[in-house]
Structure formats: structure tokens, C-alpha cells
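So the structure is just underneath, and the comments pick up after that.
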Amino acid sequence: MTTPPRARLASAQAAYQAADWSALRSSLPAGSTNLESWLNDAEGQQADAPADPAWPFLRGVAFDLLGRWEEAAGAFAEAARREGSHAAEAFYRMGLDLSRLGLQPFALQAYDRALGRDRRHLGARVSAAVSLRRLGRVAEALRLLEELPCPRRPEWINNHAEFLLEQGRVTEALNELRAAGPLRRRHPGLHSSLIRAMLYDPGVTARDLFEETGRWNAWHAVSAAPPATHDPDPERPLRIGYVSACLHRHNSSAHLMNILRARNRPRFHVTLYHAGTTHDDWTDTLRGLADAWHDIALLPDEAAATLIREDHTDLLVDVNEHANNGRLRLFSFRPAPIQFHWYGNAVTTGLKAIDYRFSDPVTEPPGESDRWSHETILRPATGYHCYGPPPDAALPAAEPPFRRCGHITFGAVHHLAKLNDEVLSCWARILDTTPGSQLLLARDVLAEQATREALQVRLRRAGVNPDRVRFVTDPKAITTLAVYREMDIVLDSFPFNGDATTCDALWMGVPVITLAGKRLSARRAAGLLHTVGADEWIAESREDYVAKAVTWAQEGEHLAAARAVLPERVRRSALCNAPAVTAALEEEYRKAWQRLCRAT
């Protein structure tokens, strides 16, 4: 029996008075059509009734559920102006919506006003810290969280550990996440954070990751049967869904855009399920490229899975795995008959409900790699990346930097957690053996003195002379790839390689020296280098890594010649061949569907 609109409004008002936010949300109708109808009906009721102090807040919640962030922020601003008992909550939710619109400085002001009314408001404190990080102020974000420690709250632990990683404090982050033992059993996102943090630890093996991701499945996945196959015709057009929390300016979305543009539209209908709340110009582009779109960020996993199932999705693709607040758990509800993971690919997902995972023969050579994968690995000959530079990308340097400045510049644009002691030690040896050379490190968080000085201490301890290190912290220089114009050779990190950064460097004509390791995250750069025909930059040991970097630095003319042809070599490779890569992925989708049809 459907609850009448007036009864729903009364229920929502009561939940507001009791500050029961989960009850308030559940009292509103499910589905955008029903919610729009309720909102219009309630607006009419409010026009004919005395001013209701709860109404602006209820409007804000409804607009949030509809993904109308600007209207939601306005409604919460009105609720906050009334300075009622829930003003702190209104300012907090206003901040969330401003953050979703990319207005971080204004979001911070809203969070500050929420905390001014209730300094113990954990949501406002954590969200303010996240906004600070998005502005490159990770040390401030840590201080804000540590003013009010909440070591038993998963959202506090998750973000505190993430900010520690941003400063390169891997051991502290791992200890914090591991100490949250019982909480990890109840909170899949917290458990995913541990798995992601383990990738930065050189002592973690492929087996360790296989076992931990298996525990994730045992603790958090539900047991659900796949839906009945819709029309098991092996050759009919297929409905594919991509689930991503990063359908905005993000490296995964750049690859996805190219696939959507190159896809065989008559044969593949694509729906994008946006599991994130950030919207920008890329979001609008992606929405325009898809055949259908759903915002599922505020839907519980089961409700999102129901929506996907009702869309008659044939193949569902996860983009994030355990990173970027992905939605792996919804895949365990089996909303589609066949399920894949594509792109993230730093670790096996662990989910029994994900049938296939895309990789390539170099990143995961057949044999041992299959042993440590919970999914069947698909290895298209083209690889699975579909790279294109950002639209505002700088042009590659016309000549190598060493010709302009008289010395070799080694460079890196890595997450600081990837810079473990073994990496820094190798870099020290490379600099020592290459007289006059310099190291350029680019990362926005290095603009903060505390973060920069902590890294300088580690560099000095590893044997790197601080006078030979230069920092670039301008976000625009990094996002437009202009920083690569100042690098002669990029030094990859290990055992967690650069993926997006390797693509960017190669596009900008900069050689990348990588060390191919024994686990998935330690071989991704090798896979990319092989794809562009640059196997000569793949090292098999630390000694080889150092030797290759030094040799290429010493052979200036050889280096200049390699750089001169690299941009065109990359453009002509499978890495940038969207039609070929997309056709290879679609062939695997089709073959998986045909296998299912034969078994039906």
C-alpha cells in the first residue's frame, strides 16, 4: 500500500524534529519520479499553510536525493538562516552540496559555521578535512581531525589514514587501519582502505593481497543468484552498465570517454551509474556520451542493484575496485548476469560475483598471475587502457630539458605513499652516479611546509642531497602535464607503479624507467611500456633499474633521439587507439555473453 503524500510529509517532519536523519530520508518516496511528484505536492501544501520550520530542510534532502545540488544548497542555506536547533546539520549539508559543486572554499565556510554551532559534529569535521585535502592542504586536514580524535568511527579512521598516506606515512596508516579490526568486519569501505594501503607496502605479496581481498568477500559480500538472462540470443545488442565513483575529471573517466566515443552503438547500449557526488564539465560530457545515466551515490547498495537489474543490464562493469570509494558490494547482489572489472586493476577485487577482470599479458603473465586472481583474467592483445591527454594538455617539449639547463633532470609525479625507502635509496644511487643531475618531484601537497620537510628528512636519510631536489606544487602545472616539459627521464615507483602518470609521461615524450615486480601493481608500468614498444626501459632488478636510468642519462644524444620520436610512437600505439581497444573489449563482452547463452 502506497503511503499518501501528506502522511509522508508528516513522517518526515517528525523525523526532522527528532533529528533522526536516516528516518527522514527513508520517509521520502523512492525513485526520482515519485520523489518529484511528492516534492511538487508538498510545495503546494506549504504554500497554503503557515511557515513550517522543517520545510526548507526537507526540501534540501529531497533535492539531494534528486542530485540537484545547487537547489539543495539553497534550501539548506534557508534552513540554516532560521537558526533552529538543527542549524549545524543544515550548514553541514549545505557544505556537502557546495563541495559536490566543486566550490571547496565556500564548502569550508559552511562546515566552519556548522562546527561553530556544534564542534563535535563529526560529519562536518570530516567533510571539512576532505575539502582541505582537495585544496592541497593535507597537513591542515590532519590537524582538524586530530583536534577531536574518534578512533572508533570508520569515517574518521578512513580519512585520517588516507591523509597519512598522502604524507607518505604508510606504516602509521597501515597500523591504524589494522587496529580497527572489528570495525572492518562491519564497514566494507574501511576494509577496502586497508587493502589499498597494503599496495604501498613493499613487503606485501600477491598472496597476501589475494587472501585479504578474499576476506573482504567473506565479510561483506551478500550471496545472491544472478538474474535470469534476458533473451539469451548470442548475437543481439547488449546492454552494458559501467559503475564508477569518478565520472568527473579523473584519469579513469578520460579512458572511459574514449571507449564511449568509439563503441559500436548499434551493438552496445551503455548506461553509466555515477556512484560519486562530484559533478563537473566532464560529468556533463560523459552523460552526453552515454545512452542512459543514473546517479546512485545516495542509494544503498541493494537499492542501486535493484535499479540496475530493472534496467535489464546484461553486463555490468566495475571501474574502481577498492579505490576512490567504489561500490564493489553492490556487485555481490548480482544485478547483472555477467560482471567485469575494468581499468582500476591494481589488485584482484576478491569478489566471487565478479566473473572477469581485464588486464594484459605483461602486467599479468599467464600462469602465476591467474593463481592470485579471484576473477578470470582477460588479456586482449591491445591492452585495456584507452588513453587520451586532458583537453588542456601542454605540448611536449621541443627539445630535452638537459639541452636548455645543462644537466639531466629526473622526475616523478607520484603519490607520496609510493615513495618507500627502497625507491628513495635507488634514486640516491642514480643521482650519485649522474654528476650534476637533479630530481624534480611534483605533487600539490608538497606546497605545505610540514609535508615537504617530512619528505626532505626521508630523502636525506636515503642519501639524497636536498640541494639537488626541486619541488613543483602548482596543480595546474600537474593537471595540464606542463611539468613533464621540465623532465628528461621519469623514475617510476615500485612495487606500486605509476599508471596514469606513466601514460602522461609517455604522451609528453618522456621516457619512464620502471622496475617490473612480482605482483599486479608492480607490473602496470611495464605493461604500458610494452604497449608502446618501449621494453628497453623495463628493469628486472633494482640494480638494473639504477643502471638503465644512469645509462640513458649519460647517453644524451641517444636520449634526445628516443624522446624525439616517442610522442608519435605513443600516438600510433594501441595505448591511444580507441577504436582497436574498444573493439577488443567489446569482443570480450560478446564472447562472455555467448558463453552464458550456450550454458543457458
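- Under the 6.0 Å distance and 45° angle rule, Arg590 counts as a cation-pi partner of Phe268.
- Asp360 contributes no side-chain N or O that, together with a main-chain N or O of Arg379, makes up a donor-acceptor pair within less than 3.5 Å.
- His274 and His294 are not linked by any side-chain donor-acceptor pair at a separation below 3.5 angstrom, with hydrogens and angles left out of the test.
- Aromatic pair His374/Phe210: centroids less than 6.0 angstrom apart.
- Judged purely by atom type and a 3.5 angstrom limit, Gln339 uses its side chain to pair as donor or acceptor with the backbone of Ala353.
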I would like to know whether Asn577 and Thr382 meet side-chain contact (heavy atoms from CB on, under 4.5 Å); could you show each step before the answer? CA-CA 9 Å; Asn577 189 338; Thr382 57; over 6 Å; no
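- For Ser193 (side chain) and Gly189 (main-chain N/O), a donor-acceptor pair under 3.5 Å exists by modelled atom type.
- Looking at residues two or more places apart in sequence or on another chain, you find no salt bridge (charged side-chain N to carboxylate O under 4.0 Å, His left out) involving Glu70.
- Under the 6.0 Å cut-off for aromatic ring centres, Phe76 and Trp69 do not qualify, their centroids lying 6.0 Å or more apart.
- A donor-acceptor contact closer than 3.5 angstrom is absent between the side chains of Thr502 and Arg524.
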Could you check Trp342 against Asp318 for side-chain contact (heavy atoms from CB on, under 4.5 Å), going step by step and ending with a plain yes or no? CA-CA 6 Å; Trp342 166 81; Asp318 163 62; over 6 Å; no
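- Taking a cutoff of 4.0 Å between a charged side-chain nitrogen and a carboxylate oxygen, Glu321 and Arg196 qualify as a salt bridge.
- Interatomic distance, CG of Leu209 versus OG of Ser521, reported as 7.0 Å (0.5 Å rounding).
- With Pro29 as reference, Leu35 is the one residue of Leu39, Leu65, Leu35 to meet the side-chain contact (heavy atoms from CB on, under 4.5 Å) rule.
- Looking at Asp280 and Thr283, their side chains do bring a donor and an acceptor atom within 3.5 Å of each other.
- No donor-acceptor pair closer than 3.5 Å links the side chain of Thr363 to the backbone N or O of Ser359.
- In the model, Asn345 has a side-chain atom that pairs as donor or acceptor with a side-chain atom of Tyr384 under 3.5 Å.
- Distance check: Arg287 CZ to Leu260 CG gives 13.5 Å after rounding to the nearest 0.5 Å.
- The CG atom of Leu177 sits 10.0 Å away from the NE2 atom of His191 when rounded to the nearest 0.5 Å.
- Donor-acceptor pairing under 3.5 Å is recorded for the side chains of Ser99 and Gln104.
- For the atom pair OG of Ser11 and CG of Leu28, the computed distance is 8.5 Å after rounding to the nearest 0.5 Å.
- In this structure, Asp291 does not pair ionically with Arg239, as no charged nitrogen and carboxylate oxygen lie closer than 4.0 Å.
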Criterion side-chain hydrogen bond (donor to acceptor under 3.5 Å, both in side chains) on Glu375 and Thr349, from CA distance to verdict: CA-CA 8 Å; Glu375 314 85 1; Thr349 67; 2.5 Å; yes
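- Remark: Ile240 CD1 to Arg263 CZ distance equals 9.0 Å, nearest 0.5 Å.
- Asp201 contributes no side-chain N or O that, together with a main-chain N or O of Ala197, makes up a donor-acceptor pair within less than 3.5 Å.
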Starting from the C-alpha separation in whole Å, work towards a yes-or-no answer on side-chain contact (heavy atoms from CB on, under 4.5 Å) for Thr213 and His322. CA-CA 9 Å; Thr213 53; His322 289 280; 4.1 Å; yes
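- Taking the centre of each ring, Phe331 and His341 stay at or above the 6.0 Å mark.
- Side-chain contact annotation: Tyr387 with Asn251, donor-acceptor N/O pair under 3.5 Å absent.
- Using a cut-off of 4.0 Å between Lys/Arg side-chain N and Asp/Glu carboxylate O, Arg357 and Glu364 are scored as salt-bridged.
- Under the 3.5 Å distance criterion, with hydrogens and angles disregarded, a donor-acceptor pair is assigned to the side chains of His385 and Asp499.
- Taking the side chain as every heavy atom from C-beta outward, Arg327 and Asn320 never approach each other to under 4.5 Å.
- Inspection of the Asp208 and Thr205 side chains reveals an N or O donor paired with an N or O acceptor under 3.5 Å.
- Aromatic ring centres of Tyr589 and Phe358 lie closer together than 6.0 Å.
- Tyr273 and Asp311 are linked by a side-chain donor-acceptor pair at a separation below 3.5 angstrom, with hydrogens and angles left out of the test.
- For the pair Asp314 (side chain) and Leu238 (backbone), a donor-acceptor distance under 3.5 Å is absent.
- Here the OG1 atom belonging to Thr277 is positioned 8.5 Å from the CG atom belonging to Asn325, to the nearest 0.5 angstrom.
- Side-chain contact of Asp535 with His530: a donor-acceptor pair under 3.5 Å is present, judged by distance alone.
- Both tests do not hold together for Arg329 against Trp216: distance to the six-membered ring centre under 6.0 Å, angle to the ring axis within 45°.
- Judged by the 6.0 Å and 45° rule, Arg598 forms no cation-pi pair with Trp593.
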